[in-house]
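None of the values given here were measured: they were computed from a predicted structure. Every chain is numbered from 1, with letters handed out A, B, ... down the list of sequences.
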There are 4 protein chains.
Amino acid sequence: MNSDFFKETFMKISEEKRQRIIDAAIAEFSEHGFDSANINTIAQRSGVSVGSLYKYFENKENLFLAIVHVGVEKLKAVLEDIMKSDESLESRIEKIIKAIQVHTRENVHLTKLYNEMTTEDRSNLVWKIVSDMENATAGLYTSIIKEARDKGYVREDLNANLFAFYLDNLFIMLQFSYACEYYKERMKIFVGEDTLNKDELIADQLMKFIKGAFFLK
Amino acid sequence: MNSDFFKETFMKISEEKRQRIIDAAIAEFSEHGFDSANINTIAQRSGVSVGSLYKYFENKENLFLAIVHVGVEKLKAVLEDIMKSDESLESRIEKIIKAIQVHTRENVHLTKLYNEMTTEDRSNLVWKIVSDMENATAGLYTSIIKEARDKGYVREDLNANLFAFYLDNLFIMLQFSYACEYYKERMKIFVGEDTLNKDELIADQLMKFIKGAFFLK
Amino acid sequence: MNSDFFKETFMKISEEKRQRIIDAAIAEFSEHGFDSANINTIAQRSGVSVGSLYKYFENKENLFLAIVHVGVEKLKAVLEDIMKSDESLESRIEKIIKAIQVHTRENVHLTKLYNEMTTEDRSNLVWKIVSDMENATAGLYTSIIKEARDKGYVREDLNANLFAFYLDNLFIMLQFSYACEYYKERMKIFVGEDTLNKDELIADQLMKFIKGAFFLK
Amino acid sequence: MNSDFFKETFMKISEEKRQRIIDAAIAEFSEHGFDSANINTIAQRSGVSVGSLYKYFENKENLFLAIVHVGVEKLKAVLEDIMKSDESLESRIEKIIKAIQVHTRENVHLTKLYNEMTTEDRSNLVWKIVSDMENATAGLYTSIIKEARDKGYVREDLNANLFAFYLDNLFIMLQFSYACEYYKERMKIFVGEDTLNKDELIADQLMKFIKGAFFLK
DNA sequence: AATGAATGAGCATTCATTCAT
DNA sequence: TATGAATGAATGCTCATTCAT
């Protein structure tokens, strides 16, 4: 963990307690946003006193940033894992789509938090944490696309940077559509009520969409 | 205007005063988010007393919802205007992209507000307002795509609903990338610092991306 | 009143309410010192809501400074009134002593506050307010002493500045001895339990002490 | 040491550690006042755990009182040393003035603490500790003055108790003027900026002032 | 005996909402 | 109808004190 946001003491407590705090904070922040999130509630939810919380984190903002950091690292790990294999662009994209479906469902709060972050006043600070990941994935996408283009696997006339951008846009919206109430409702309009059972359809069609965009026919 | 969110009195005041209130509220809510937005500040900014504000709107939430409603209607008008022409799918998509670029720049606050809305807590209420528009656009996209598919203009194997969904996803992210700090920063990673001067490139490549996804070659 | 410390709104309320707030604040601050003084208690004591208090004063510190200012102005008025007459040094000193006895008893809280002030961390800020008075009285004392010296009424070998300093020191201690618990107890050691009935003795002997110090015999 | 304020355990630790605690406490209390003084900071400053501190002292108040006691004893020693010689009143006063100048500069914290003590709230408790010294010095001053008066060395018409009182008042103010920020600033008004280099002048004039008050001419 | 992590009551300050004028 | 002063509940943060190790 990046210790810019928490004090030494936070690493001295039991792994289990640390996790309880992180979980409670992610839940609270993702449900209410930064301003309305209640530190006292986080303390209660995690079975820790407010005083202790302030022993671990300088203030509310740092707790928030630490939490964001955790979320980012988790997502980064998932994506890098996939991207660093040496499979084809096509199969990597397919894997990412599936991974997003699984990871997002398992980390709904984290994804909500990510959406929350994009609205904050604090986005400059937040940006410092997230940019690391965004840079990493952007770079990966772009280079893989370039490689595929140079090998003649995908159309020549595409701008690798922008295609990577649109690709990532589709992925981000996919995440939100699985986690955030608003986007979940919105997806129902297109997919129907039982979105849960349509994972495969959603993935297949997205794959088709993306392949069409990228590949020669 | 939909009177679910404001009291009769709001329609009795001058158009100009009403607009001042709406503008001030949009600015305040989009800058600080729902919770941190300050009703007293909105009153000041719009040159109206708090007392009056509460004569026009039941409470903070209703003011927010009324504002959201305004934003939605505005966006809806832009989109419907474009979609209701009888041009080809391709040229309509092109027009939407350009329209988003122009409209978003002119209505940064509104777009931020839209992002804000997608955030928890109030999303159920918000959904009631937005669903109307989302349904409309979703329906439009889908039917146009179906039509094009039936006419053999686009690939046969696409699911019109889902392709419409991904299309709209790309549009939403494009809006945010032009208006919200976080997404603006993120776009820079892919496009470089001077995103302002790359409107055409961004539009062209997005067009290429979408055309590839949809069209036969 | 010096408006550096309160907001306009404070002058818009009724004289009576303003006085209640000032009295409550003086009492609270003089009893507990700056840090332990409780704003919520001041609000209650003065029959005003906390919210209102914060409408009148930016924060706790400004309320404190405003209060100090009031006290200083009051004392200043008393002293200047006496010093500006054109009586002899001797009779002016006598009048000051009597005035201190009366004023201090009538403004016990204010005098306690003055003692409190001398200990505060905040003494730089406080100093700005008080220095005005201290400068005024110091100047007055010094010039009167100089005048008396030049006229040959008092000993020639005295340094007017320093004699003014010691004179004022005696006056300050006299005030505290009438108002602050600690100094009251201490005075009893010298004067006996019923200090209350010994005003005259105390004044006479102090007069004798000072006259001896100043005057030729 | 008077064990009313500390537990047995405090005497069982090394002299050096004890001194560290006392020094840290004097510094903290004199810098911030009783309420804002931070026990945890005192623990850190003295390199002792909070737990231990509470093993030595029942609570914050008792630590404060113990500290006050130390300060009082120190001052008492200085004064008694001087007063118990059998020199003349005049030379004893002179010695006290010089001693105050030296001692105060060496024990600024202690003097600030003394001023702090005179403040409300705790003054009853404090009084119990200080009264011992005040009684001693008051008695000493008074008896010496009486003696001098009976011997015809000083004016007959003075009330020994009250003259002792005023004398002590001058001494107290001298101390504060050398140690406490507020009083230091105030002294500058009378003496000018470089008070540091005017020790002799200050002492000489005070001597003159007091001698005038006491002695026949 | 010594430690220092944990506790939670307490307080300054904000702001949605009300209501007398 | 309009005003804006008044309200007071709510919350981030601190620190004296405890107690398991």
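Between D/K55 and E/dA1, a side-chain N or O to OP1/OP2 separation shorter than 4.0 Å is absent.
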(request) Dot-bracket notation for DNA chain F is requested: 5' to 3', Watson-Crick or G-U wobble pairs only, both distances under 3.5 Å, with ( ), [ ], | and . as defined. (result) .||||||||||||||||||||
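Within the structure, side chain to side chain donor-acceptor pair (under 3.5 Å) pairs that include any residue of residues 44-57 of chain B comprise B/E28-B/R45, B/E31-B/R45, B/S49-B/S52 (at least two apart or interchain).
Tested against A/F5, the residues A/L63, A/I129, A/V70 include a single side-chain contact (heavy atoms from CB on, under 4.5 Å) partner, A/I129. Of the residues A/R20, A/R18, A/Q19, the one that meets the side-chain hydrogen bond (donor to acceptor under 3.5 Å, both in side chains) test with A/E16 is A/R20.
Using a 4.0 Å heavy-atom criterion, one finds that D/Y56 contacts the sugar-phosphate atoms exclusively.
Distances were taken from every side-chain heavy atom of C/Y54 (C-beta onward) to each of E/dA12, E/dT7, E/dA2; the shortest belongs to E/dA12.
Partners of A/S36 under the side chain to side chain donor-acceptor pair (under 3.5 Å) rule, at least two apart in sequence or in another chain, are B/D35. Evaluation of the ring pair (Phe, Tyr, Trp, His ring centres under 6.0 Å) rule for A/F64 yields A/F29, A/F34 as partners, not counting sequence neighbours.
Put simply, the side chain of B/F10 reaches to within 4.5 Å of the side chain of B/I22, judged on heavy atoms.
The pair C/E116-C/K112 fails the salt-bridge criterion, with no side-chain N (NZ, NE, NH1 or NH2) lying under 4.0 Å from an Asp/Glu carboxylate O.
Using a 4.0 Å cutoff on non-hydrogen atoms, the parts of residues 26-43 of chain D near DNA chain F are D/A37, D/N38, D/I39, D/N40, ordered by number.
Protein chain B contacts DNA chain F from F/dT1 to F/dA5, reading 5' to 3' and using non-hydrogen atoms of the protein with a distance under 4.0 Å.
Here the shortest heavy-atom pairing between A/A25 and A/I67 reads CB-CG1, 3.5 Å. In plain terms, the two heavy atoms of C/K60 and C/A37 that are nearest each other are NZ-O, 2.9 Å. Between C/I39 and C/L53 the shortest heavy-atom distance is O-CD2, 3.8 Å.
The backbone N or O of B/N62 sits less than 3.5 Å from a side-chain atom of B/N59, completing a donor-acceptor pair.
Remark on DNA chain E: of its neighbouring residues C/E61 and D/S49, the 5'-side contact belongs to D/S49, judged by nearest-heavy-atom nucleotide. Judged by closest nucleotide on DNA chain F, C/G47 is the one of C/G47 and A/K60 placed further toward the 5' end. Looking at which nucleotide of DNA chain E each of A/G51 and A/T9 is closest to, the 5′-most match is held by A/T9.
One interatomic measurement links the two molecules: CZ of D/F10 to C1' of E/dA2, which rounds to 15 Å at whole-angstrom precision. Atom CD of D/E8 and atom P of E/dA2 are 13 Å apart (whole Å). Taking atom CG on B/N62 and atom C1' on E/dA16, their separation rounds to 13 Å, with Å as the unit. The separation between D/I13 atom CD1 and E/dA2 atom P is 7 Å, rounded to whole Å.
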